[in-house]
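Every chain is numbered from 1, with letters handed out A, B, ... down the list of sequences. The analysis underlying the following values was restricted to heavy atoms, covering all of them including side chains, and did not include hydrogens, waters or symmetry mates.
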There are 2 protein chains.
Amino acid sequence: MADAGARFHQLYETLRTRICLLDYPPGTQLSETVLAEEFGTSRTPLRRVLARLEDEGLLRSVHGVGTMVTDVDVHEMAQTYALRMELAQLAGMLDPVPVTPEVRAVLDALIARGDGLFAQPDPRHFAQLNLDYFRFGLSLTANQPLRDMSERLYIRTARIWLKSIPRMDLSDEIAVFRDEMAQTRRALAAGDTQAAALIRRAHISLSYARLSQT
Amino acid sequence: MADAGARFHQLYETLRTRICLLDYPPGTQLSETVLAEEFGTSRTPLRRVLARLEDEGLLRSVHGVGTMVTDVDVHEMAQTYALRMELAQLAGMLDPVPVTPEVRAVLDALIARGDGLFAQPDPRHFAQLNLDYFRFGLSLTANQPLRDMSERLYIRTARIWLKSIPRMDLSDEIAVFRDEMAQTRRALAAGDTQAAALIRRAHISLSYARLSQT
DNA sequence: ATCTGCCAAGATGTATACAACGCGCGGGAT
DNA sequence: ATCCCGCGCGTTGTATACATCTTGGCAGAT
């Protein structure tokens, strides 16, 4: 049978993806019982997953009431983006990894997906590509704590960003995103990880500015 | 009866303190059953606490083997300190809080404890004061995500630092610590939060240098 | 009609019995 | 003497029954 830890991880990522991709929008009430039935398990292991999601701030459980998907207020959003900017820059300074052809190949694959997305815009695919590109940026540093914390922060606010996409212009956002990837490719072609990090920082800042206009 | 969340939090802090203060040194094997009996509860709520400690990297549970207190290797230690230095500096730049007389009073109380510690050195009290002073430093920024992540990183390595204290000179370390607090007080007397953060960054760097010499 | 009190339903939190798993000891074959 | 198989014990993981809590609606008094 499959390893228990692997099963836990799969359950965790499944639920986290549903939250981040707005299958469960903020305010949605989840039922431990129905989720346990859906995944063919009992409440106990499921609660282990929900507990972790609650520790990460994505859920909130109240005794006798239910488990709700949390929302993020503008204040927390501003603080998180301010911190994410700094961490993005740090990713280019702390324990940078050498830019190998394999690294550039990964980025090229992401750019190709961006081209496909540009031809056929879709918010959900955009969100997925954005996450994958974010993780690629983290792969440029070998500092594991920095990677963990950055991803944690990203996950916490990604769904709010995705929720605001309809209010903005999807095609414009995709175009800006492709520009960022193209700039990053030029920086990595020169082997300049720090420049790539600064590009990322600038785009996080601009992204937040566009976000807060809505 | 006391709130369930409060009881959870108390259990969590109790166990975390025991781990950080080396009541449970790295490698110690914990038993869910005996811990549950000690706290007069069943395994279920206790496992909820252990799960969180495991997510934070302080414990590691293996099916059929046991739950062990984790150790931290030198590589992770270096990465964590490198990141902590940067975050300490950020605490003086992101969302700084005004330096009120109340803030200075809190620091004066910490300094007084430092004087008492100097007169009567004790590793355990030193560790506790160090944690409280660390949290005081975090109180100088209103950026909650930054505070959460910084504390998480600190907790993860504090016990390793404490474990190395016997190999260093306790009185010297306490003297250096008092110097840092005195410097910080001067910076805060001038209302310069950023200077206080830079002092903190410098001392984290020096502390790690002394630490890695052993 | 409105307000009040109570209860029933459904939610999460807890306790407990059982399953799955790994390690180590011990006996027997070689 | 040595190696190997097997089983027993303790551990964590899972399932389930029960306790506790909150909310909403209904019935009755005013």
Pick base, sugar-phosphate or nothing for [X], based on heavy-atom distances below 4.0 Å to the nucleic acid.
| X | value |
| --- | --- |
| Leu46(B) | nothing |
| Leu30(B) | sugar-phosphate |
| Thr67(A) | sugar-phosphate |

Can the ring centroids of Tyr133(B) and Phe177(B) be said to lie less than 6.0 angstrom from one another?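 Here the rings of Phe177(B) and Tyr133(B) have centres that are less than 6.0 Å from each other.
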_If you take the centroid of each ring, where Trp contributes its six-membered ring, are Trp161(A) and Tyr154(A) closer together than 6.0 Å?_
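That pair fails the under 6.0 Å test.
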Could you state the [atom1]-[atom2] distance from [X] to [N], rounded to the nearest angstrom?
| X | N | atom1 | atom2 | answer |
| --- | --- | --- | --- | --- |
| Leu53(B) | dT12(D) | CG | P | 14 Å |
| Met68(A) | dA11(C) | CE | P | 12 Å |
| Leu35(B) | dG10(D) | CG | P | 17 Å |
| Arg60(A) | dT22(D) | CZ | P | 13 Å |
| Glu37(B) | dT16(C) | CD | C1' | 13 Å |
| His63(B) | dG13(D) | NE2 | C1' | 5 Å |
| Arg48(B) | dT14(D) | CZ | C1' | 18 Å |
| Glu32(A) | dG10(C) | CD | C1' | 12 Å |

Give a yes/no answer on whether the side chain of [X] brings an N or O atom under 4.0 Å of OP1 or OP2 in [N].
| X | N | result |
| --- | --- | --- |
| Arg47(B) | dT12(D) | no |
| Ser42(A) | dT16(D) | no |
| Arg43(B) | dA15(C) | no |
| Thr44(B) | dT14(C) | no |
| Thr41(A) | dA15(D) | yes |

On DNA chain D, does the nearest nucleotide to Val62(A) precede the nearest nucleotide to Val62(B) from the 5' side, or the other way round? Give the residue.
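Final value for this comparison: Val62(B).
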Fill in: Nearest-nucleotide 5' precedence on DNA chain D, Pro45(A) against Gly64(A)
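Its nucleotide being nearer the 5' end, the pick is Pro45(A).
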Picking from dT12(C), dG22(C), dT22(D), the nucleotide nearest the side-chain atoms of Val65(B) would be dG22(C)
* To do: Anything under 30° is parallel, anything over 60° is perpendicular, the rest tilted; go ahead and classify Phe8(B) against Tyr12(B).
  =>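 Rings of Phe8(B) and Tyr12(B): parallel, under 30°.
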- Would you check if Leu170(A) and Pro123(A) make a side-chain contact, meaning some heavy-atom pair closer than 4.5 Å? yes
Notebook entry, point to check: Would you call Leu153(A) and Pro145(B) a side-chain contact if the rule is heavy atoms closer than 4.5 Å?
Noted result: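 Touching, per the 4.5 Å side-chain cut-off.
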